[in-house]
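Just so you know, these numbers use all the heavy atoms, side chains as well, and skip hydrogens, waters and symmetry mates.
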Amino acid sequence: MASSDTPDRPAPTSSPDQASSDSRSTASTLEAARREKLAKLEELGIDPWGQRFDDVQSMAELRAQAAGMDPADQEGPTVRVAGRILLLRNAGRLVFLTLADRSGRIQVMLGKKQVGPEVWPIVGCLDLGDIVGVEGRLGHSNSGEITVFASSLTFLTKSIETPPDKYHGLVDADLRQRMRYLDLIHGEGVLERFVARTRIVDAVRRVLNERRYLEIEGPTLHTIAGGAAARPFATHHNALDMPIVMRIALELHLKRLLVGGMERVYELGRVYRNEGISPRHNPEFTMLEAYEAYGNYETMMDLTEAIIVAAAQAAGTPEQHEWMGKKVSLTAPFRRARYDELLAEVTGCDPTDVASVAAAASARGIDTAGRHPDVIKSELFEATVEETLINPTFVIDYPAAVCPLTKRKRNQPEIAERFELYVCGMELANAYTELNDPDLQEELFRTQLAGLDDDESMARMDNDFIKALRHGMPPAGGLGIGIDRLVMLLTGASSIRDIILFPIHRPQAE
RNA sequence: GGGGCCGUAGCUCAGCGGUAGAGCAAGGGACUUUUAAUCCUUUGGUCCAGGGUUCGAAUCCCUGCGGCCCCA
């Protein structure tokens, strides 16, 4: 029977003896087996690192195409696919591959007779994780599986490393993040989640661009870490011999552009905060900040709703959504509720009475001694009200003292025209009617509230910014949205590390 | 900062005082319709690191490193 000069077994003929003799670990044995097949490919005159391979159709396209075919027909149209081998089933002179590309998976059948004596030896050199191109007829196998019946096989790339468990994939959270490429290949829904992130960011840009906003790129290296309350990453510029910090917010440069007449500007960019790491915090994360001349914080509420609704659509998130076990309605308009009213509702205190607020705070273990009343109030709010805000809620009209960049209400200087949007107890957006009075801004930069550390304070004197305001910044609304948190909400991720491709990590010990 | 859980083969995990196990992967063999293919067979380990307790430690204790979670 086995009279042909190609072996029935699609296996390399060389012996593995010398390769495994010096190996002390499974890893090196596994690698040796793969390198042997790589050498075998080279012997066959095949480039194990591949070449251009044109005119491929996606797996999703093929599936759609096959859906309209007679399942008995194994002789459909000729198609070309390329992808990574995720599964390999060897049935002697017949080998089934499960190939994956970005759009999905499809089965490929390689028969010894069908591919011919030129190609069959290549089949013996295939390992899980290799990348191949296939041309063949599209159809269904005997068991009904959509299958490309290969007439030719083009080797595209050898994988030297062993892939993770073909069923469980990578489970260890650490490995999944360090080797995100493997997580993307093997993790259930991982690729889809990051594609959704891209779509969300696209949608955010689209909404803003449609409204004639200009996207700009501000500096990431700052001399003053302004625009937010956070500890910056500090570094040093050698040529200028001066300290530099990484930006913690986008705000102050965008406002300079309002002075410059750009009128509607935004930046979608990375900011850096040298603070704790948690399921909701990564040291670098992505912020949207948008500023609209002649608007106010109400303008920004409308914009926020438009952005979130568009982002949800782009991500395929239903309006009745569930996140972290909580039901959320993403239907606009969102609820709007006054800060003081919420505080009174949840804590029972009188928000206009300093003593009442302080008593409520003390009762919950919040330190009140020597601290500014508005600082105590905002801590009480964080500790009590935030977690109750499940459906999207614009919390409006903040205590002015904790809002040094915000315009005060016209006849109520103790109230700032600010809102924060909360969903599932998480702050998603923050917006102001922007303060454009340079004298008041300068004064507020000087005022360090009692009971706040430097890191917790937004009050950092920025004379260059004050100078810009003195030239006249139009009245404006400004908005910040935490893009990572938005993506978490819309993709159902419970950790920021699941929606940042490469979250911060200690280097792996060698 | 405080507390809890975890770290064993390339991957996924079991073992929790008597000296290392399974599945997948890998090597050899059978199979032209499999699909987490199946069947036979073989190989593979500083049990995170260091110290301690013990006749004996992957297992108990301490310290450190790394990870995850909860709280502040």
* **N-O pairing of A:Arg137 and A:Glu75 below 4.0 Å** => yes
* Derivation of the side chain to side chain donor-acceptor pair (under 3.5 Å) call for A:Arg80 and A:Gln57 -> CA-CA 6 Å; A:Arg80 276 161 77 81; A:Gln57 291 170 267; over 6 Å; no
* Just checking, is any N or O donor in the side chain of A:Gln74 or A:Asn142 under 3.5 Å from an acceptor N or O on the other one? -> yes
* Asked: So what does A:Glu379 touch, heavy atoms closer than 4.0 Å: a base, only the sugar-phosphate, or nothing?
  -> nothing
* **Atom-to-atom span, CE of A:Met109 to C1' of B:U33 - whole angstrom** => 7 Å
* B:A26: pairing nucleotide in any strand, Watson-Crick or G-U under 3.5 angstrom -> B:U42
* To do: Tell me whether the OP1 or OP2 atom of B:U33 has a side-chain N or O from A:Lys112 closer than 4.0 Å.
  => no
* Asked: Which atom names give the shortest non-hydrogen contact between A:Pro399 and A:Tyr339, and what distance separates them?
  -> CD-CE2, 3.5 Å
* Asked: What parts of residues 151-166 of chain A reach RNA chain B, counting only heavy atoms under 4.0 Å away?
  -> A:Thr162, A:Pro164, A:Asp165, A:Lys166
* Within the structure, does a side-chain N or O atom of A:Arg89 lie under 4.0 Å from either OP1 or OP2 of B:U34? -> no
* **Inter-nucleotide C1' distance (B:U46, B:U32), Å rounded** => 47 Å
* Asked: Distance between the C1' atoms of B:A57 and B:C62, in whole angstroms?
  -> 14 Å
* Atom-pair distance (CH2 on A:Trp120; P on B:C31), nearest Å -> 12 Å
* Check: A:Ser152/A:Glu135 side-chain N/O donor and acceptor closer than 3.5 Å -> no
* Asked: A:Leu87 side chain: which of B:A26, B:A36, B:U34 is closest?
  -> B:A36
* Can you tell me if A:Asn430 and A:Arg418 form a side-chain donor-acceptor pair at under 3.5 Å? -> yes
Within the sub-3.5 Å range, which N or O atoms of nucleotides 1-9 of chain B have a protein N or O partner, and how far apart are they?
none

* Asked: Considering only the C1' atoms, how many Å lie between B:C60 and B:U53, rounded to the nearest integer?
  -> 8 Å
* Asked: A:His281 and A:Glu275: side-chain donor and acceptor closer than 3.5 Å?
  -> no
* Length of the line joining A:Lys113:NZ and B:U33:P, which is rounded to integer Å -> 12 Å
Output side-chain donor-acceptor pairs under 3.5 Å for residues 356-367 of chain A, partner residues at least two apart or in another chain, one line each.
{"from": "A:Ser356", "atom 1": "OG", "to": "A:Asp350", "atom 2": "N", "distance (Å)": "2.8"}
{"from": "A:Ser362", "atom 1": "OG", "to": "A:Ala358", "atom 2": "O", "distance (Å)": "3.1"}
{"from": "A:Arg364", "atom 1": "NH1", "to": "A:Ala360", "atom 2": "O", "distance (Å)": "3.1"}
{"from": "A:Asp367", "atom 1": "OD1", "to": "A:Ala369", "atom 2": "N", "distance (Å)": "3.4"}

* To do: Kindly write out the residues that satisfy salt bridge (Lys or Arg N to Asp or Glu O under 4.0 Å) with A:Glu161, not counting sequence neighbours, or none if the list is empty.
  => none
* To do: Whole angstrom is fine here: how far is it from CZ in A:Arg35 over to C1' in B:G10?
  => 15 Å
* Provide the distance between the two P atoms, one in B:U12 and one in B:A25, to the nearest whole Å. => 15 Å
* **Closest-nucleotide ordering on RNA chain B, the 5'-leading residue of A:Phe149 and A:Leu88** => A:Phe149
* Say you pick atom C1' in B:G10 and the same atom in B:G27; how far apart are they, in whole Å? -> 15 Å
* Structure fact -> Judged by nearest nucleotide, the residue sitting upstream toward the 5' end of RNA chain B, A:Leu170 or A:Ser141, is A:Leu170
* Asked: B:G45 C1' sits how many Å from A:Leu30 CG, rounded?
  -> 13 Å
* Asked: Taking any strand in view, what nucleotide pairs with B:C47 in a Watson-Crick or G-U wobble way, both distances under 3.5 Å?
  -> none
* Asked: Can you pull the salt bridge (Lys or Arg N to Asp or Glu O under 4.0 Å) pairs that have at least one residue in residues 394-406 of chain A, sequence neighbours excluded?
  -> A:Arg338-A:Asp397, A:Asp397-A:Lys409
* Asked: So, does A:Thr147 use its side chain to make a donor-acceptor pair with the main chain of A:Glu145 at under 3.5 Å?
  -> yes
Please list, pair by pair, any protein nitrogen or oxygen found under 3.5 Å from a nitrogen or oxygen in nucleotides 67-72 of chain B.
{"from": "B:C68", "atom 1": "OP1", "to": "A:Arg497", "atom 2": "NE", "distance (Å)": "3.0"}

* To do: Give the rounded distance in Å between these two atoms: CG of A:Leu97 and P of B:A36.
  => 15 Å
* Asked: Using atom P of each nucleotide, how far apart are B:U41 and B:A9 to the nearest Å?
  -> 25 Å
* A:Tyr398 and A:Glu420 side chains, donor-acceptor separation under 3.5 Å -> yes
* To the nearest angstrom, how far is A:Leu126 atom CG from B:A26 atom P? -> 11 Å
* How long is the line joining NZ of A:Lys40 and P of B:G27, in whole Å? -> 14 Å
* Asked: Taking atom C1' in both B:G23 and B:U38, what distance in whole Å separates the two?
  -> 15 Å
* Structure fact -> For B:C60, the nucleotide meeting Watson-Crick or G-U wobble distances (both under 3.5 Å) is B:G52
* Asked: From B:C31, B:C13, B:C11, pick the nucleotide closest to the side chain of A:Asn90?
  -> B:C31
* Spell out yes or no: do the side chain of A:Gln107 and the base of B:U34 have one donor N/O and one acceptor N/O closer than 3.5 Å? => yes
* If the C1' atom of B:A58 is compared with that of B:U8, how far apart are they to the nearest Å? -> 7 Å
* Asked: Pick from A:Arg35, A:Lys37, A:Arg84: which one makes a salt bridge (charged side-chain N to carboxylate O under 4.0 Å, His left out) with A:Asp127?
  -> A:Lys37
* Structure fact -> Checking A:Arg270, A:Arg280, A:Arg197 against A:Asp484 for salt bridge (charged side-chain N to carboxylate O under 4.0 Å, His left out), the one that qualifies is A:Arg197
